[in-house]
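Basis for what follows: all heavy atoms, side chains included, without hydrogens, waters or symmetry-related copies. Ligands are counted one by one from 1 in listed order, and the atoms in each one are counted from 1 as well.
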Amino acid sequence: MEKAILLWHESYSVDIQAFDDQHKKLFEVINVVFAAVTSRKNPASRALLDVALSEMVEYMKLHFEAEERVMREHAFPEYDAHKKEHDDFARMVTDIKRRHDQESEAVTVELLKSLVTWLDTHLNGTDKRYTPYLSALNVK
Ligand SMILES: [Fe+2]
Ligand SMILES: [Fe+2]
């Protein structure tokens, strides 16, 4: 198996345990997709990739909704901009899944790398912007 495409590190921490845990889980599901893509020669990999991609899309939505709920509950002023990033990305990921369903080679390592780049930028930039605000309100 190829090594992981994305590894969680303390530097990704947003200081909210539940969201750090969800980010870790998100990295895990992306790594499963990566492993399925890089083992395409394996006859079982198509089925693995089907499952892994569905899991990735579902988990991503679940995580985005969880963050959005907490931001709304605490009237985070940058909610709209944050939600827009989530919506754009969710659309992109759903589209990847749709293309995969139509064409077996649609998901490539390059495509996954662009997902990872987006996620890295979002976690280290946009997500961390809620940390001081929510920490001041004692959200853990
Ligand atoms: Fe986010
Ligand atoms: Fe996040």
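H63 places no side-chain N or O within donor-acceptor distance of the main-chain N or O of Y59, the cut-off being under 3.5 Å. At distances below 3.5 Å, at least one donor-acceptor pair connects side-chain atoms of N31 with backbone N or O atoms of F27.
Restricting E67 to its N/O/S atoms, the shortest distance to the Fe ion (ligand 2) is reached by OE2. Within H82, the N/O/S atom positioned nearest the Fe ion (ligand 1) carries the name NE2. D127 contributes atom OD1 as its closest N/O/S atom to the Fe ion (ligand 1).
Here H63 does not reach the Fe ion (ligand 1): none of its N/O/S atoms is less than 2.8 Å from the metal. In summary, no N, O or S atom of E85 is located under 2.8 Å from the Fe ion (ligand 1).
The aromatic ring centres of H82 and Y130 sit less than 6.0 Å apart.
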- Could you check L115 against I96 for side chain to side chain contact (heavy atoms under 4.5 Å, CB included), going step by step and ending with a plain yes or no? CA-CA 10 Å; L115 287 190; I96 289 171; 3.9 Å; yes
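Rounding to the nearest 10°, we obtain 90° for the angle at the Fe ion (ligand 1) between H86 NE2 and H122 NE2.
In this pair, F89 and W118 present their aromatic rings parallel. The plane angle is below 30°, not in the 30 to 60° band.
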